[in-house]
Amino acid sequence: MIEMVIAAHGGFGKELLNSVSLVVGPVDKCVAWSLNPGDNIERTGLQLKKLLDEMDDEEGGIVFTDIWGGTPANLSLKYSRNKNIKVISGASLPMILEFINVREELGLSETAERCVEAARKGSVIISDLFNERRKENG
C-alpha cells in the first residue's frame, strides 16, 4: 500500500487528515507533519526525514505539501531525493480522497497523476456552474 505524509505549515496537514477521516473513516499509513512558528527547522526537518525514510519501500509514498516553494515542500524534496517518493504541492481534500481511493490499485506514478487531476477537477467556480445550469433549465 502506498503511504502518505501531508507536510504543511501550521495545523493544515493535521486538519486535512481529520477531514479525510470524517469522509472515509480512519486511514492507515497516512500521517501529517507540521512546521509551526518558532520551530527549529533543522530539528523539525529531521522528524520529516524519519517519516520519509520509513515510507521508502517497494511501493513508495507520496508527500502532499501545502505550497510549492514553502519550507515543507523544500524539506520534502530534500529528504525524498533518491527515494521511491513523489512530492506534490497544493494539497486538497479532493486530492487526498483520490489518493485513498486508488493507492491500493495503481502504481506510485499513476496514483500521483490521479491525485493532481482530482485536485484540478475539484477546483471549480460552482456558483457560475449553478447559474449556467439554471439558465439552461429556464
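Only this structure's heavy atoms are used, side chains among them; waters, hydrogens and symmetry mates stay out. This chain uses plain numbering: 1 for the first residue, then up along the sequence. Values in this document were obtained by computation on a predicted structure and should not be read as measured data.
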Hydrophobic clustering (ILVMFWY, side-chain heavy atoms < 4.5 Å, transitive) - are Val24 and Leu16 grouped together? yes
Please round to the nearest 0.5 Å and tell me the distance separating atom CG of Leu17 and atom CE of Met4. 5.0 Å
Applying a strict under-4.5 Å side-chain criterion to I, L, V, M, F, W and Y, I'd like to know whether Val102 and Leu108 cluster together. no
Can you tell me if Leu129 has over 12 outside heavy atoms packed within less than 6.0 Å of its CG? yes
What's the separation between atom CG in Leu75 and atom CG in Leu52, rounded to the nearest 0.5 Å? 9.5 Å
For Asn84, side-chain hydrogen bond (donor to acceptor under 3.5 Å, both in side chains) partners two or more places apart: none
Holding to side-chain hydrogen bond (donor to acceptor under 3.5 Å, both in side chains), I want the full list of residues that pass it with Lys14, two or more places apart in sequence or in another chain. none
Test side chain to side chain contact (heavy atoms under 4.5 Å, CB included) applied to Val63 and Met55, step by step: CA-CA 10 Å; Val63 181; Met55 76 176 187; 3.6 Å; yes
Which residue pairs satisfy the salt bridge (charged side-chain N to carboxylate O under 4.0 Å, His left out) criterion with at least one member in residues 118-138, sequence neighbours excluded? Glu117-Lys121
Smallest heavy-atom separation, Ile88 atom then Cys115 atom, equals CD1-CB, 4.4 Å
Applying side-chain hydrogen bond (donor to acceptor under 3.5 Å, both in side chains) to Lys29 and not counting sequence neighbours gives none
Test of understanding: clusters of I, L, V, M, F, W, Y form through side-chain heavy atoms closer than 4.5 Å, transitively. Do Trp68 and Phe64 belong to the same one? no
Reported CD1-to-SG distance for the pair Ile96 and Cys30, which is rounded to 0.5 angstrom: 8.0 Å
According to a 4.5 Å side-chain heavy-atom criterion applied to Ile, Leu, Val, Met, Phe, Trp and Tyr, with indirect links allowed, do Leu35 and Ile6 form part of one hydrophobic cluster? no
d(Ser76 OG, Ile62 CD1) to nearest 0.5 Å is 12.5 Å
To the closest 0.5 Å, what do you measure between CG (Leu51) and CD (Glu3)? 10.0 Å
Given the rule in the side chain to side chain contact (heavy atoms under 4.5 Å, CB included) test, do Tyr79 and Ile85 qualify, once you have shown the distances and angles that lead to the verdict? CA-CA 10 Å; Tyr79 294 131; Ile85 294 172; over 6 Å; no
According to salt bridge (charged side-chain N to carboxylate O under 4.0 Å, His left out), does anything in residues 66-83 pair up with another residue at least two apart or in another chain? List the pairs. Asp53-Lys83
How long is the span from the OG atom in Ser80 to the NZ atom in Lys49, to the nearest 0.5 Å? 11.0 Å
With sequence neighbours left out, the residues meeting side-chain hydrogen bond (donor to acceptor under 3.5 Å, both in side chains) with Glu98 are Arg114
Quick check against the 3.5 Å criterion: does Ser89 have a side-chain atom that pairs as donor or acceptor with the backbone of Thr65? no
Can you tell me if CG on Leu22 sees more than 12 non-hydrogen neighbours from other groups inside 6.0 Å? yes
Do Met95 and Met1 share a hydrophobic cluster (ILVMFWY, side-chain heavy atoms under 4.5 Å, transitive)? no
For Ala8 against Pro72, the heavy-atom pair lying closest together: C-CG, 3.7 Å
Quick check: does any side chain N or O of Trp33 sit under 3.5 Å from a backbone N or O of Gly13, one acting as donor and the other as acceptor? no
Residues Gly10 and Ser34: closest non-hydrogen pair is O-OG, 2.8 Å
